[in-house]
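Since the model is a prediction, treat every value here as computed from it, not as a measurement. Letters go in sequence order (proteins before strands), and every chain restarts at 1.
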Number of protein chains: 2
Amino acid sequence: MAKRPTIKDVATKAGVSVATVSFVLNNASGQPIGKAVRDRVQKAAQRLNYQPNASAAHLARRRTRHVAIALYEEESLLSNSFYSRVVEGALKQALERDYHLLFSYLKSDYRGRNDLPAVITQRNTEGVLFIKRLVPAMVADISAIGVPIVAIDHYPPSPLVGSVSMDNRRGGELAAEHLRELGHEQLVVIAGGLDRTSIADRAHGFSDALHRWGYLRNRRQPLWKSNSLTFEGGYAAATKGLQKYPGTTGLFCVNDEMAAGAIRAAHELGYKVPQRLSVVGFDDIDMAKYLDPPLTTIGVDKLELGRRAMSQLLDQIEGRAARVIEERVGVQLVVRGSTAQVSKRKAKQPIA
Amino acid sequence: MAKRPTIKDVATKAGVSVATVSFVLNNASGQPIGKAVRDRVQKAAQRLNYQPNASAAHLARRRTRHVAIALYEEESLLSNSFYSRVVEGALKQALERDYHLLFSYLKSDYRGRNDLPAVITQRNTEGVLFIKRLVPAMVADISAIGVPIVAIDHYPPSPLVGSVSMDNRRGGELAAEHLRELGHEQLVVIAGGLDRTSIADRAHGFSDALHRWGYLRNRRQPLWKSNSLTFEGGYAAATKGLQKYPGTTGLFCVNDEMAAGAIRAAHELGYKVPQRLSVVGFDDIDMAKYLDPPLTTIGVDKLELGRRAMSQLLDQIEGRAARVIEERVGVQLVVRGSTAQVSKRKAKQPIA
DNA sequence: CTGAAAGCGCTTACAG
DNA sequence: CTGAAAGCGCTTACAG
């Protein structure tokens with residue numbers, strides 16, 4: 001690397017002190033600097049192609065403008081079609097406010113402060129973003145150091161962190177409303193991971209809506225459980241369920257991957273989607289529109305989720321926000337090809 | 001943030017000088033330090049929960065251990081199902097070698113050194129990773145500063161950068177071999193973006209293989225052009241092509257998204273895949289296995305792509321690699337449900 | 001309106 | 001084997 005000019009070089013060239021250079025380059029308010037001097041300094045900096053050394057500035061300011069994001073090794077959130085967009089939103093927001101996002105991978109076990117990621121302890125991170133899962137002990141330790149935390153779509157709940165999530169409950173309601181308007185009366189929810197707040201809320205939103213309409217007056221909401229929130233999980237649950245309850249006409253899957261699996265299962269059992277079975281998913285991941293048929297689902301602005309979280313975190317860092325706000329971003333029904341008016345002849349058996 | 005202990009506190013507590021603390025904590029070789037002193041220092045650091053301040057160390061060492069990755073605003077590489085894994089691999093490799101990856105978004109126009117991203121100029125980035133596309137003028141400027149560059153799957157080619165790509169040519173060959181073994185004789189390539197080296201190589205690998213077998217002796221390789229490498233692009237190209245050449249039995253799409261679009265088009269035209277039409281894609285993105293039928297495709301280890309690139313970059317930074325190496329990672333055929341033995345009755349019309 | 005100087009918390013020749 | 005001291009390149013009271 002060629003020898004980079006320092007603030008001293010600029011000062012010499014402009015014929016002023018380094019302090020003055022620092023003031024004009026940082027637009028220090030309160031320091032009234034003459035227009036002429038200002039111009040001279042700027043010209044000199046320009047000509048020398050001067051760029052301040054960030055490390056030195058960080059040290060002197062005792063601020064790094066670094067923010068960390070915690071990822072879990074096993075989950076590869078970064079290549080997850082939902083969370084990668086969330087991360088993208090958070091990253092963009094950070095960059096726009098001149099912060100840098102440092103990524104950190106966490107081990108699944110946490111045994112105390114010594115396990116805190118180096119990013120947080122050494123790099124003087126000013127705030128931490130968590131996605132999806134929270135490790136309470138770690139949260140407590142980070143919080144104790146005085147570093148603010150914001151979590152996105154997380155569980156378990158924690159009073160120590162600010163949070164941003166989507167309106168899962170409302171999403172469930174929207175799904176229910178949609179299927180109801182299409183005349184469905186044999187509705188089931190396919191879900192897994194109900195310990196996660198966001199997932200449970202989706203399922204509850206759905207059945208609460210049906211309750212409200214008296215649809216569930218004399219019965220319980222049928223729930224087909226899956227042991228994972230994946231394509232395979234949805235496939236297995238739907239296969240088993242449809243064989244047992246062939247009269248089902250509408251399926252609400254708590255995420256799109258499961259919905260994709262359910263559609264595959266339905267096809268293999270000879271159900272036509274949507275003619276014979278309507279399916280609605282949740283998340284509106286990229287794949288949704290490429291499924292056959294394209295999936296009706298509940299959409300969320302994933303970038304916004306990330307942006308809002310980062311924004312709240314930076315506000316906390318800069319002291320212009322109270323700690324621990326709970327934000328919620330809206331959700332909307334995206335109607336595509338996997339749902340349709342319920343067919344009149346209520347076939348009790350699959351058509352196949 | 002609570003007042004953090006400094007190296008001075010550790011020195012005081014251990015009864016040694018700060019120099020000694022620095023030496024033992026950094027395991028400085030060449031500095032023979034007594035076991036007893038070493039222990040005392042370590043104990044003191046432990047007890048104080050001392051963590052060195054990274055900014056100060058960077059400043060003193062004139063090294064940041066920061067590496068940048070350049071992303072383009074319009075492309076959202078981070079939520080692309082292919083590149084997000086590549087990024088993940090690069091990130092993990094960096095972290096494992098104790099570097100930090102700084103993300104930077106680039107504007108599409110570059111007009112000179114002033115447009116160099118702040119991450120590179122201010123943060124003292126020690127190396128830069130490019131993905132997919134290269135802006136030659138920017139590459140030249142970064143290179144001129146003496147900062148090494150490595151690019152992944154990039155175009156246009158550049159003598160200034162190290163590179164890692166997958167063996168696209170071999171991938172094309174594998175696709176051809178596979179379809180040939182299944183007895184296909186009406187083969188077409190669906191491609192777009194042939195200005196990209198990697199894409200062109202895929203198509204060439206495919207037709208070269210056919211040439212070699214004499215398959216193309218008396219004809220040219222049919223190519224259905226698409227104006228984008230997307231689902232929609234593949235859909236449009238296949239729709240048009242299949243209507244014009246209904247006898248086609250095998251399709252090689254230069255990426256999976258196009259293949260997904262082609263399958264959709266085929267279905268809508270009444271072609272059964274794979275009974276009537278075999279389709280092979282390229283990349284093996286997540287979606288591939290969830291398509292109906294699951295897609296036969298050419299797989300690449302995307303994480304490895306990222307890891308190797310980062311590894312090469314760090315080697316260059318640390319001076320243990322020559323500049324500008326060209327690496328290539330292997331590729332393999334992943335057979336799933338979208339390809340089958342060519343059917344005997346050579347229907348000239350779609351079955352629908 | 002501007003400058004001299006201390007200080008941020010490390011590293012690293014250098015001297016002993 | 002260990003310490004005193006200069007230096008990395010900034011920022012920021014403080015004094016004028």
Side-chain angles (χ1 to χ4, degrees), chain A residues 1-42 44-45 48-66 98 118 121-124 126, chain B residues 1-42 44-45 48-66 98 118 121-124 126:
Chain A
M1 224 183 286
K3 182 140 232 81
R4 292 173 36 148
T6 71
I7 195 172
K8 220 165 182 169
D9 300 320
V10 179
T12 309
K13 180 142 193 149
V16 297
S17 75
V18 298
T20 304
V21 174
S22 176
F23 290 142
V24 348
L25 261 26
N26 290 309
N27 263 309
S29 57
Q31 288 290 341
I33 304 224
K35 175 101 176 62
V37 176
R38 190 179 297 278
D39 283 353
R40 244 187 310 143
V41 170
Q42 260 146 6
L48 290 174
N49 218 297
Y50 169 73
Q51 297 289 154
N53 176 312
S55 301
H58 292 164
L59 179 58
R61 287 200 184 109
R62 264 147 303 207
R63 285 208 50 192
T64 55
R65 301 191 83 87
H66 284 328
D98 197 25
T121 54
Q122 289 189 26
R123 301 263 165 163
N124 305 60
E126 302 190 47
Chain B
M1 226 183 283
K3 183 140 233 81
R4 292 174 36 149
T6 71
I7 195 172
K8 220 166 183 170
D9 299 320
V10 179
T12 309
K13 180 141 192 149
V16 298
S17 74
V18 298
T20 304
V21 174
S22 175
F23 290 142
V24 349
L25 261 26
N26 290 310
N27 264 309
S29 57
Q31 288 289 342
I33 304 225
K35 174 99 176 61
V37 176
R38 191 180 295 279
D39 282 354
R40 246 188 310 145
V41 170
Q42 260 147 4
L48 289 173
N49 218 293
Y50 170 72
Q51 297 290 152
N53 175 312
S55 302
H58 293 165
L59 179 58
R61 288 200 184 112
R62 265 148 302 213
R63 284 207 52 193
T64 56
R65 301 192 82 87
H66 283 329
D98 197 25
T121 53
Q122 289 188 25
R123 301 262 166 164
N124 306 62
E126 303 190 45

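You'll find the side chain of Asn27(A) reaches within 4.5 Å of the side chain of Arg38(A), heavy atoms only. For the pair Asn26(A) and Arg61(A), the minimum side-chain heavy-atom distance is below 4.5 Å.
For His58(A) and His58(B), the ring centers sit 6.0 Å or farther from each other.
In this structure, the side chain to side chain donor-acceptor pair (under 3.5 Å) partners of Asp39(A), at least two apart in sequence or on a different chain, are Lys35(A). Scanning for side chain to side chain donor-acceptor pair (under 3.5 Å) contacts around Arg63(B) gives Tyr99(B), Glu126(B), with sequence neighbours left out. In terms of the side-chain contact (heavy atoms from CB on, under 4.5 Å) criterion, residue partners of Ala19(B) (sequence neighbours excluded) are, by chain and number, Ser17(B), Phe23(B).
When all heavy atoms of Arg65(A) and Asp98(A) are compared, the pair lying nearest together is NE-O, 2.9 Å.
Rounded to an integer number of Å, the gap from Asn27(B) CG to dT12(C) C1' is 16 Å. Going from atom CZ of Arg40(B) over to atom C1' of dC1(D) covers 12 Å, rounded to whole Å. One can place CG of Leu25(A) at 13 Å from P of dT12(D), the figure rounded to the nearest angstrom.
Checking the phosphate oxygens (OP1, OP2) of dC10(D), no side-chain nitrogen or oxygen of Ser22(A) falls inside 4.0 Å. Distances shown here put every side-chain N or O of Ser17(B) at or beyond 4.0 Å from the OP1 or OP2 atom of dT2(D).
Where pairing requires Watson-Crick or G-U contacts shorter than 3.5 Å, the helical stems of DNA chain C with at least three consecutive pairs are C:1-3 with D:14-16, C:5-12 with D:5-12, C:14-16 with D:1-3.
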Between the protein and nucleotides 7-9 of chain C, list every N/O to N/O distance that falls short of 3.5 Å.
unit_1 : atom_1 : unit_2   : atom_2 : d
dG9(C) : N2     : Ala56(B) : O      : 3.4

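Closest to the side chain of Phe23(B), from the set dG3(C), dG3(D), dT11(C), is dG3(D). Here dG3(D) is the nucleotide among dT11(D), dG3(D), dT11(C) with the atom lying nearest to any side-chain atom of Val16(B).
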Extract all donor-acceptor atom pairs below 3.5 Å that involve side chains of residues 5-14 of chain B and protein atoms in other chains or at least two apart in sequence.
unit_1   : atom_1 : unit_2  : atom_2 : d
Thr6(B)  : OG1    : Lys8(B) : N      : 3.1
Asp9(B)  : OD2    : Thr6(B) : N      : 2.8
Thr12(B) : OG1    : Lys8(B) : O      : 2.8

